[in-house]
Trainee: 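Before I ask anything, let me first share the structure, which is written out below as structure tokens.
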Amino acid sequence: MSLGDLQVLLVEPSHMQAQLVLRMLAHLGVSRVQHYERAGEALAAMRETRPGAVISSLYLPDMAGTELVTAMRHDEELERVPFILISSETRPQVLDPIRQSGACCIVAKPFTEAQLARALHAAIDLLTPEEAFDAVEVEHLRVLLVDDSYASRRHIRRLLEEMGLEEIIEAENGREAVTKLADTMVDLVLTDYNMPEMDGQALVEYIRTQSWQGSVPILMITSEHDQGRLAAVEKAGVSAICDKPFEARNIRQLIAQSLCA
């Protein structure tokens, strides 16, 4: 799929900002674009004709962008549609629900056409998954997915299934993961950082020092940006760290590298 094949739905109440995005999309070759100012109208249009990707502002007249993506993720017809947020918001407590929802990208204002293009290519990667593993029979691999966010687990699980991974075990936090690891052998652990009961760092430390599966590859997918905390996770023995939101191509490559190492 190319950018010219992508059908985009833009939700932007600002006329000036909408015109900027529309000009960039046209220059990138994206000609099929619907524009709405309100989230309710956009949702109705999506349910009538599912778009290839949604680009939305955070602050909308009738609901926040977080509510829009949440509504999409609770609709079976829309839950797989890539969601791109464009916003000048920087507060982690505001952006974290977007990250946890499985958003494709967050594009920070001011942005360039190249940054918008990268977000659109990330959306295409989600829509057209590629085979990531040539030397591994993925259908027999067992993955433990640990995240307290149901929306995030659902999004990552869909991506794993599209990659051919079939045996996926879920846990809501590190403590539940420890229980599952006690009697179930796994080939890969995918974990969040910020979780109740036992966070990602504590889980990594437990696996590396106390679990009978101490050498299992551990990939952390997180919205945590505190460099001190992330350094501590690396020291604890995590195999790789990936930011939320993540590009599907990157997560496929990290998982492939972890499994084939």
Side-chain angles (χ1 to χ4, degrees), residues 8-18 20-21 33-48 50-111 115-116 118-120 122-123 125-127 145-159 170 172-173 192-196 199-200 221-226 242-248 251:
V8 173
L9 190 148
L10 172 64
V11 193
E12 176 53 68
S14 166
H15 177 74
M16 183 178 297
Q17 181 70 20
L20 172 64
V21 176
V33 184
Q34 293 176 285
H35 172 222
Y36 297 92
E37 296 183 358
R38 303 175 68 87
E41 296 171 344
L43 273 172
M46 288 182 223
R47 288 166 178 154
E48 185 72 22
R50 186 173 64 183
V54 171
I55 301 174
S56 177
S57 178
L58 179 59
Y59 297 108
L60 305 169
D62 50 344
M63 67 175 74
T66 49
E67 295 173 281
L68 173 58
V69 70
T70 298
M72 291 171 60
R73 294 300 178 248
H74 284 85
D75 187 317
E76 290 185 1
E77 294 299 317
L78 302 176
E79 64 176 351
R80 293 175 179 266
V81 175
F83 184 90
I84 299 169
L85 179 74
I86 296 179
S87 179
S88 57
E89 182 63 70
T90 59
R91 291 174 293 175
Q93 66 270 29
V94 177
L95 293 178
D96 198 56
I98 295 287
R99 294 190 175 101
Q100 298 295 348
S101 71
C104 176
C105 286
I106 297 177
V107 180
K109 295 180 183 177
F111 59 94
Q115 290 171 317
L116 181 59
R118 178 169 179 170
L120 292 170
D125 283 343
L126 282 173
L127 294 169
L145 174 58
V146 193
D147 199 312
D148 61 310
S149 167
Y150 172 76
S152 184
R153 291 201 313 274
R154 190 172 177 84
H155 174 62
I156 297 171
R157 185 185 187 99
R158 285 198 304 268
L159 180 61
E170 296 187 24
E172 294 185 4
N173 55 60
D192 190 18
Y193 180 94
N194 293 299
M195 298 180 291
D199 66 19
I221 306 173
T222 180
S223 58
E224 179 60 59
H225 288 101
D226 184 295
C242 184
D243 290 337
K244 288 181 182 177
F246 55 82
E247 295 183 19
I251 201 72

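Everything numeric in this text was worked out from a predicted model, so none of it was measured.
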Trainee: Measure across Val11 and Ala42 and return the closest heavy-atom pair with its distance rounded to 0.1 Å.
Mentor: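 Looking at all heavy atoms of both residues, the closest pair is CG2-CB, 3.6 Å.
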Trainee: Using the side chain to side chain donor-acceptor pair (under 3.5 Å) criterion, which residues pair with Asn194? Sequence neighbours excluded.
Mentor: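 Expected list: Glu224.
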Trainee: Can you tell me how far apart CG (Leu95) and CD1 (Ile106) are? Round to the nearest 0.5 Å.
Mentor: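 Spacing of CG (Leu95) from CD1 (Ile106) equals 5.0 Å.
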Trainee: What distance do Arg99 atom CZ and His155 atom NE2 have between them, rounded to the nearest 0.5 Å?
Mentor: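 Between Arg99 CZ and His155 NE2, I get 13.5 Å after rounding to 0.5 Å.
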Trainee: Check Arg158, Arg50, Arg73 against Glu79 for a salt bridge (Lys or Arg N to Asp or Glu O under 4.0 Å) and give me the one that passes.
Mentor: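 Testing each of Arg158, Arg50, Arg73 against Glu79, the sole residue satisfying salt bridge (Lys or Arg N to Asp or Glu O under 4.0 Å) is Arg158.
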Trainee: Step by step, work out the side-chain contact (heavy atoms from CB on, under 4.5 Å) result for Thr70 and Met63.
Mentor: CA-CA 11 Å; Thr70 298; Met63 67 175 74; over 6 Å; no
Trainee: Counting only heavy atoms from other residues, nucleotides and ligands, does the tally under 6.0 Å from OH of Tyr150 exceed 12?
Mentor: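 Count not over threshold, so no.
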Trainee: With a 6.0 Å cut-off (strictly less than), is the heavy-atom count around CZ of Arg118, excluding the residue itself, greater than 12?
Mentor: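 Counting neighbours around CZ of Arg118, 12 or fewer heavy atoms of other residues, nucleotides or ligands fall under 6.0 Å, so no.
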Trainee: Nearest 0.5 angstrom please: Arg153 CZ to Asp147 CG, how far?
Mentor: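 Between Arg153 CZ and Asp147 CG, I get 7.0 Å after rounding to 0.5 Å.
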Trainee: Work out which heavy atom in Met195 is nearest to a heavy atom in Asn173; give both atom names and the distance.
Mentor: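 Looking at all heavy atoms of both residues, the shortest contact is SD-CA, 3.8 Å.
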Trainee: How many angstroms lie between atom OG of Ser56 and atom CE of Met72, to the nearest 0.5 angstrom?
Mentor: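 Answer rounded to 0.5 Å: 9.0 Å.
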Trainee: So which atom in Tyr36 and which in Ala45 form the shortest heavy-atom distance, rounded to 0.1 Å?
Mentor: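 The answer is OH-CB, 3.2 Å.
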Trainee: In Å and rounded to the nearest 0.5 Å, what is the CG to CG distance from Leu78 to Leu9?
Mentor: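 Rounded to the nearest 0.5 Å, the CG-CG separation comes to 10.0 Å.
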Trainee: CG of Leu145 to CG of Leu159: how many Å apart, nearest 0.5 Å?
Mentor: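 One finds 10.5 Å between CG of Leu145 and CG of Leu159.
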Trainee: Show, in sequence, the C-alpha distance, side-chain angles and deciding distance for Cys104 and Leu126, and conclude whether the side-chain contact (heavy atoms from CB on, under 4.5 Å) test is met.
Mentor: CA-CA 8 Å; Cys104 176; Leu126 282 173; 4.0 Å; yes
Trainee: So among Val54, Val81, Asp75, which one has a side-chain contact (heavy atoms from CB on, under 4.5 Å) with Met46?
Mentor: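 Testing Met46 for a side-chain contact (heavy atoms from CB on, under 4.5 Å) against Val54, Val81, Asp75 leaves exactly one candidate, Val54.
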Trainee: Go through it in stages, so that I can follow the logic: the residues are Gln17 and Ile86, the test is side-chain contact (heavy atoms from CB on, under 4.5 Å), and I'd like the CA-CA distance, side-chain angles, deciding distance and then a yes or no.
Mentor: CA-CA 10 Å; Gln17 181 70 20; Ile86 296 179; 4.0 Å; yes
Trainee: Using every non-hydrogen atom in the two residues, find where Glu37 and Pro61 come nearest and quote the distance to one decimal.
Mentor: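 Result for this residue pair: O-CD, 3.3 Å.
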Trainee: Start with the C-alpha gap between Ile55 and Val107, add the side-chain angles, then the distance that decides, and say whether side-chain contact (heavy atoms from CB on, under 4.5 Å) holds.
Mentor: CA-CA 10 Å; Ile55 301 174; Val107 180; over 6 Å; no
